[in-house]
Student: 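Following this message is one structure expressed as structure tokens.
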Amino acid sequence: MINPIVFHDDEEFGASRKAVSFLESRGFSVGRNQAHSPRGILFGAYDIQKWRNLRPREREALHGELAGDMRNGPVTIQMRENAPAEAMAALLNNQR
């Protein structure tokens, strides 16, 4: 498991955009935005629904979550232990 990766930005939705860009540039998919809820993260090309539309087993299968104040920041990427080795390598080898 890696330490959380935190993004800050003074612009509205800036931290969220930075985090999503960071993830997508490394081969991750990010769930759709839903107010006051985390966004799911999976390594690979996936269409991840809003948090409220994910079943408990789908939430458990996520490789990580993007959480925080999506509008004003900060936002945090927290990967889970079930993330594949390739996903962890993509993050660790390409830190900001």
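Here the structure is a predicted model, which is why all the values come from computation and not from measurement.
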Student: Just jot down the salt bridge (Lys or Arg N to Asp or Glu O under 4.0 Å) partners of Asp9, sequence neighbours excluded, or say none.
Tutor: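 Checked Asp9 against salt bridge (Lys or Arg N to Asp or Glu O under 4.0 Å); matches are Lys18.
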Student: Output, in order, the C-alpha distance, side-chain angles, deciding distance and verdict of side chain to side chain contact (heavy atoms under 4.5 Å, CB included) for Thr76 and Phe7.
Tutor: CA-CA 6 Å; Thr76 302; Phe7 291 81; over 6 Å; no
Student: Taking all atoms of both residues into account, what is the closest heavy-atom pair of Val6 and Pro74, and its distance?
Tutor: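 Smallest interatomic distance, heavy atoms only, reads CG1-CB, 3.9 Å.
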Student: Any donor-acceptor pair under 3.5 Å linking the side chain of Glu60 with the backbone of Arg57?
Tutor: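 Pair absent, no side-chain N/O of Glu60 close to backbone of Arg57.
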Student: Suppose clustering is done on Ile, Leu, Val, Met, Phe, Trp and Tyr with side-chain heavy atoms closer than 4.5 Å. Which residues sit in the same group as Tyr46?
Tutor: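 Via sub-4.5 Å side-chain contacts, Tyr46 links to Leu42, Ile48, Trp51, Leu54, Leu62.
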Student: How many angstroms lie between atom CG of Leu92 and atom CE of Met79, to the nearest 0.5 angstrom?
Tutor: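 One gets 9.5 Å once the value is rounded to the nearest 0.5 Å.
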Student: Return the set of residues passing side chain to side chain donor-acceptor pair (under 3.5 Å) with Ser37 (not counting sequence neighbours), or none when no residue passes.
Tutor: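 Checked Ser37 against side chain to side chain donor-acceptor pair (under 3.5 Å); matches are Gln34.
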Student: May I have the step-by-step check of side chain to side chain contact (heavy atoms under 4.5 Å, CB included) for Leu66 and Val30, ending in yes or no?
Tutor: CA-CA 8 Å; Leu66 178 62; Val30 181; 4.2 Å; yes
Student: Taking NZ, NE, NH1 and NH2 as the nitrogens, is one of them in Arg17 or Glu11 under 4.0 Å from a carboxylate oxygen of the other?
Tutor: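 Judged by the 4.0 Å cut-off on N to carboxylate O distance, Arg17 and Glu11 do form a salt bridge.
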Student: Looking at Glu65 and Arg59, is there a salt bridge between them, counting it only when a charged N and a carboxylate O are closer than 4.0 Å?
Tutor: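 No salt bridge links Arg59 with Glu65.
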Student: Are Asn72 and Asp69 packed together at the side-chain level, in the sense that at least one heavy-atom pair is separated by less than 4.5 angstrom?
Tutor: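 Asn72 vs Asp69: side chains touch.
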Student: Tell me the closest heavy-atom pair linking Met70 and Ser16, and the distance in Å.
Tutor: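 Closest approach of Met70 to Ser16, heavy atoms only: O-CB, 3.4 Å.
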Student: Any pair with a residue in residues 30-47 that passes salt bridge (Lys or Arg N to Asp or Glu O under 4.0 Å), sequence neighbours left out, goes on the list, sorted by first then second residue, please.
Tutor: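 Salt bridge (Lys or Arg N to Asp or Glu O under 4.0 Å) check on residues 30-47 returns Arg32-Asp47.
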Student: First locate atom CD1 of Ile77, then atom NE2 of His63, and finally report the distance between them rounded to the nearest 0.5 Å.
Tutor: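 Ile77 atom CD1 to His63 atom NE2 measures 14.5 Å (nearest 0.5 Å).
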Student: Looking at Ala87 and Phe28, what are the two nearest heavy atoms and their distance?
Tutor: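 Closest approach of Ala87 to Phe28: O-CZ, 3.4 Å.
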Student: Looking at every heavy atom in both Gly73 and Ala15, which two are closest together, and how far apart are they?
Tutor: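 Result for this residue pair: CA-CB, 4.0 Å.
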Student: Restricting to salt bridge (Lys or Arg N to Asp or Glu O under 4.0 Å), what partner residues turn up for Arg71, sequence neighbours left out?
Tutor: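 Listed in chain order: Glu12.
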Student: Tell me if a side-chain donor or acceptor on Ser25 pairs with a main-chain N or O of Phe22 at a distance below 3.5 Å.
Tutor: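 Checking the backbone N and O of Phe22 against the side chain of Ser25, a donor-acceptor pair under 3.5 Å is found.
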Student: Would you please name every residue forming a side chain to side chain contact (heavy atoms under 4.5 Å, CB included) with Glu86, sequence neighbours left out?
Tutor: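 If we apply the side chain to side chain contact (heavy atoms under 4.5 Å, CB included) test to Glu86, skipping adjacent residues, the hits are Phe43, Pro84.
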Student: How long is the straight-line distance from CZ of Arg80 back to CE of Met88, given to the nearest 0.5 Å?
Tutor: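 Taking CE in Met88 and CZ in Arg80, the distance rounds to 12.5 Å.
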Student: Compare every heavy atom of Ser29 with every heavy atom of Ala45, then report the nearest pair and how far apart it is.
Tutor: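 Taking every non-hydrogen atom into account, CA-OG, 3.5 Å.
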